[in-house]
**Q** 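Once you've had a glance at the structure underneath, I'll fire off some questions.
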Amino acid sequence: MKKALLLSSSGYKDTGYLNHCRPWINEFLTEHGVCDEEVLFIPYAGVRRTNDEYELKVQDCLQNKNIKSIHRFNDPKQAVKNAKAISIGGGNTFVLLYYLYKYDLVDAIREKVEVGTPYFGWSAGANVAGSTIMTTNDMPIIMPKLFDALNIFPHQINPHFISGKIAGHNGESREERLEEFLIVNQDSIIYALPEGVGLKISGNSAKILGNDAVLKMRYKKDTESIAVGDSFTF
C-alpha cells in the first residue's frame with residue numbers, strides 16, 4: 001500500500017522553513033514505523049544550494065539527524081532500493097527530474113513506494129510525485145529525458161497555488177495557465193495545492209491536511225473544492 005505525504009510548500013506565511021509541516025512529517029514517519037530509521041533524502045532540485053548545504057538545512061529544520069542525502073552513496077539506485085523511507089526536497093522541478101532520469105531513479109523510487117516504502121516531499125518533491133511535471137510553476141532551465149514523473153499520485157499536481165491575478169500583473173493567472181493545460185490535455189485532472197497544504201496518501205485515498213482547500217480541476221467542468229480534513233479516492 002502506498003504511503004506518501006505530498007506538501008505544497010516548505011513554508012507557510014512567516015512560519016519559517018518546514019516549521020508548519022514538521023509535526024505532519026514526524027507523525028507520518030512514526031505512523032509507518034520509520035521514525036528512527038534513516039531517511040534517504042534527494043536534494044537534486046536545490047539549484048542554489050550544494051547537496052551538503054541542503055542536507056544540513058533539512059536535518060536542522062526537521063530536527064532529524066537520520067536524514068542522509070543520496071549524494072553520500074556511491075550507487076544512488078542501490079541506495080533507493082535499500083531505503084526505509086524516501087524524501088525529495090523542493091527547488092526546480094525540471095532539474096530534479098533531469099537527475100532522477102540521469103541516475104535511473106524514476107522507476108526505482110516508484111517501485112519502492114508501490115510496495116509500501118514511505119515517501120514525503122515538498123514543492124518540487126510533491127510535483128514530481130504526480131503523473132507528469134507539466135503543471136509545475138518552474139522555469140525549464142534544463143531538459144529532462146521525459147516529463148513523465150513518479151506517478152505515485154496518478155494525476156497532475158500544482159503546488160504553491162495562488163488564486164487570481166497579482167495587482168498590476170498583466171500576464172495570465174494560475175487558473176488561466178492551468179486551464180490552458182487542460183485544453184491541450186483534456187483527460188487530465190489537476191489538484192491545485194495552496195501553500196500550507198498537504199495530501200496524505202494511503203493506498204488510493206488522499207486526505208487534505210493544512211490551512212486551505214485543495215482545488216480539483218478538469219476540462220470544461222466546474223472546479224471542485226476539497227476541504228481540509230476531507231478525503232477522496234483516486
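Numbering of residues begins at 1 and proceeds along the displayed sequence.
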**Q** Students often mix this up, so state it plainly: with edges at 30° and 60°, are the rings of His155 and Tyr191 parallel, tilted or perpendicular?
**A** tilted
**Q** Between Val34 and Leu18, is there shared hydrophobic-cluster membership here, with clusters defined by ILVMFWY side-chain heavy atoms closer than 4.5 Å?
**A**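 Looking at the clustering, Leu18 is in the same group as Val34.
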**Q** Test side-chain contact (heavy atoms from CB on, under 4.5 Å) on Ile42 and Leu100; report intermediate values, then the result.
**A** CA-CA 9 Å; Ile42 298 176; Leu100 292 181; 4.2 Å; yes
**Q** To the nearest 0.5 Å, what is the distance between CG on Leu56 and OG on Ser69?
**A**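 Answer rounded to 0.5 Å: 11.5 Å.
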**Q** What distance separates Asn66 CG from Leu40 CG, expressed to the nearest 0.5 Å?
**A**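 Here the interatomic distance stands at 12.5 Å.
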**Q** Does Lys65 have more than 12 heavy atoms from other residues, nucleotides or ligands lying within 6.0 Å of its NZ?
**A** yes
**Q** Kindly compute the distance separating OG1 (Thr135) from CZ (Phe181), expressed to the nearest 0.5 Å.
**A**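 Those atoms lie 6.0 Å apart.
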**Q** Side-chain contact test, heavy atoms from C-beta onward, threshold under 4.5 Å: evaluate it for Lys165 versus Glu176 and give yes or no.
**A** yes
**Q** If only atom types and distance count, is the side chain of Lys112 paired as donor or acceptor with the main-chain N or O of Lys81 below 3.5 Å?
**A**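 Yes, Lys112 side chain to Lys81 backbone: donor-acceptor pair under 3.5 Å.
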**Q** If we only count heavy atoms from C-beta on, is the Pro76 to Leu105 side-chain gap below 4.5 Å?
**A**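 With C-beta onward as the side chain, the pair touches.
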**Q** Tell me whether Ser8 contacts the main-chain N or O of Val197 through its side chain, where contact means a donor paired with an acceptor under 3.5 Å.
**A** no
**Q** Just one of Arg72, Lys68, His71 clears the side-chain hydrogen bond (donor to acceptor under 3.5 Å, both in side chains) bar with Glu55, so which one?
**A**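 The single option meeting the side-chain hydrogen bond (donor to acceptor under 3.5 Å, both in side chains) with Glu55 is Arg72.
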**Q** Is the ring pair Phe120/Phe28 parallel, tilted or perpendicular, if the boundaries are 30 and 60 degrees?
**A** perpendicular
**Q** Linking I/L/V/M/F/W/Y whenever their side-chain heavy atoms sit closer than 4.5 Å, directly or via other members, would Val80 and Ile152 fall into one cluster?
**A**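 Linked within one cluster.
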**Q** Determine yes or no for a side-chain-to-main-chain donor-acceptor pair under 3.5 angstrom, with Glu37 supplying the side chain and Lys84 the backbone.
**A**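 Looks like no, no N/O pair under 3.5 Å.
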**Q** In this structure, are over 12 heavy atoms from other groups packed under 6.0 Å from Met139 atom CE?
**A** no
**Q** So how far is it from Tyr219 OH to Glu179 CD, rounded to the nearest 0.5 Å?
**A**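 Here the interatomic distance stands at 9.0 Å.
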**Q** Identify whether the distance between the nearest side-chain nitrogen and carboxylate oxygen of Asp107 and Arg110 falls below 4.0 Å.
**A** yes
**Q** Using a 3.5 Å distance criterion without hydrogens, assess whether the side chain of Asp75 forms a donor-acceptor pair with backbone atoms of Gln78.
**A**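 Looks like yes, one N/O pair under 3.5 Å.
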**Q** Taking all non-hydrogen atoms of both residues into account, name the closest pair between Phe73 and Ala79 and its distance.
**A** CG-CB, 3.7 Å
**Q** Quick check: do Gln156 and Ile189 have side-chain heavy atoms less than 4.5 Å from each other?
**A** no
**Q** Determine, using the 4.5 Å side-chain heavy-atom cutoff (strictly less than), whether Leu150 and Ile157 are members of one ILVMFWY cluster.
**A** yes
**Q** Quick one, Val47 with Ile141, criterion side-chain contact (heavy atoms from CB on, under 4.5 Å). Give me CA distance, side-chain angles, the key distance, then yes/no.
**A** CA-CA 10 Å; Val47 179; Ile141 60 176; 4.3 Å; yes
**Q** To check you understand the geometry: which heavy-atom pair defines the closest contact between Gly210 and Val228, and what is its length?
**A**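 So the minimum-distance heavy-atom pair works out to O-CG1, 3.4 Å.
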**Q** Answer yes or no: does atom NZ of Lys145 have more than 12 heavy-atom neighbours from other residues, nucleotides or ligands under 6.0 Å?
**A** no
**Q** Hydrophobic cluster membership, with links at side-chain heavy-atom distances under 4.5 Å among I/L/V/M/F/W/Y: are Phe161 and Trp122 in one?
**A** no
**Q** Just checking, is any N or O donor in the side chain of Asp138 or Thr93 under 3.5 Å from an acceptor N or O on the other one?
**A** yes
**Q** Measure from the side-chain N and O atoms of Gln186 to the backbone N and O of Ile183, and report whether any donor-acceptor pair falls under 3.5 Å.
**A**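 Yes: the side chain of Gln186 pairs with the backbone of Ile183.
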**Q** Could you state the interatomic distance from CG (Leu209) to NE2 (His20), rounded to the nearest 0.5 Å?
**A**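 Those atoms lie 9.5 Å apart.
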**Q** Taking all non-hydrogen atoms of both residues into account, name the closest pair between Leu96 and Ala45 and its distance.
**A**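 Between these two residues, the closest heavy atoms are CB-CB, 3.8 Å.
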**Q** With a 4.5 Å cut-off on side-chain heavy-atom distances among I, L, V, M, F, W and Y, is there a chain of contacts connecting Leu178 to Val214?
**A**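 Yes: a chain of side-chain contacts under 4.5 Å links Leu178 to Val214.
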**Q** Using modelled atom types and a 3.5 Å cut-off, is there a donor and acceptor pairing between side-chain atoms of Arg174 and backbone atoms of Asn137?
**A** no
**Q** Output yes when a side-chain donor or acceptor of Asn51 lies under 3.5 Å from a complementary backbone atom of Tyr44, and no otherwise.
**A**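 Looks like no, no N/O pair under 3.5 Å.
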**Q** Considering non-hydrogen atoms only, spot the tightest contact between Asp148 and Leu97 and give its length.
**A**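 Nearest heavy atoms, Asp148 then Leu97: O-CD2, 3.7 Å.
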**Q** Tell me whether the guanidinium CZ or amine NZ of Lys57 lies under 6.0 angstrom from the six-membered ring centre of Tyr17 and within 45° of its axis.
**A** yes
**Q** Check whether Ser202 reaches the backbone of Ser205 with its side chain - one donor and one acceptor, N or O, closer than 3.5 Å.
**A** no
**Q** Given 3.5 Å as the limit, does a donor-acceptor pair link the side chain of Lys3 with the main chain of His32, or not?
**A** no
**Q** Check the side chains of Arg22 and Asn64 for a donor-acceptor pair under 3.5 angstrom, ignoring hydrogens and angles.
**A** no
**Q** Report yes if some heavy atom in the side chain of Asn19 is under 4.5 Å from a heavy atom in the side chain of Cys61; otherwise report no.
**A** no
**Q** Which pair of non-hydrogen atoms, one from Glu175 and one from Ile162, has the smallest distance, and what is that distance?
**A** OE1-O, 4.3 Å
**Q** For the atom pair CG (Asp230) and CD1 (Ile208), what is the distance rounded to the nearest 0.5 Å?
**A**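 One finds 7.5 Å between CG of Asp230 and CD1 of Ile208.
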**Q** Give a yes or no answer on whether the side chain of Thr136 reaches the backbone of Ile133 with a donor-acceptor pair at less than 3.5 Å.
**A**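 Looks like no, no N/O pair under 3.5 Å.
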**Q** Specify whether Tyr99 and Tyr103 have parallel, tilted or perpendicular ring planes, treating 30° as the upper limit for parallel and 60° as the lower limit for perpendicular.
**A** parallel
**Q** Of the non-hydrogen atoms in Ser123 and Gly90, which two are nearest, and what is the gap between them?
**A**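 It is CB-CA, 3.9 Å.
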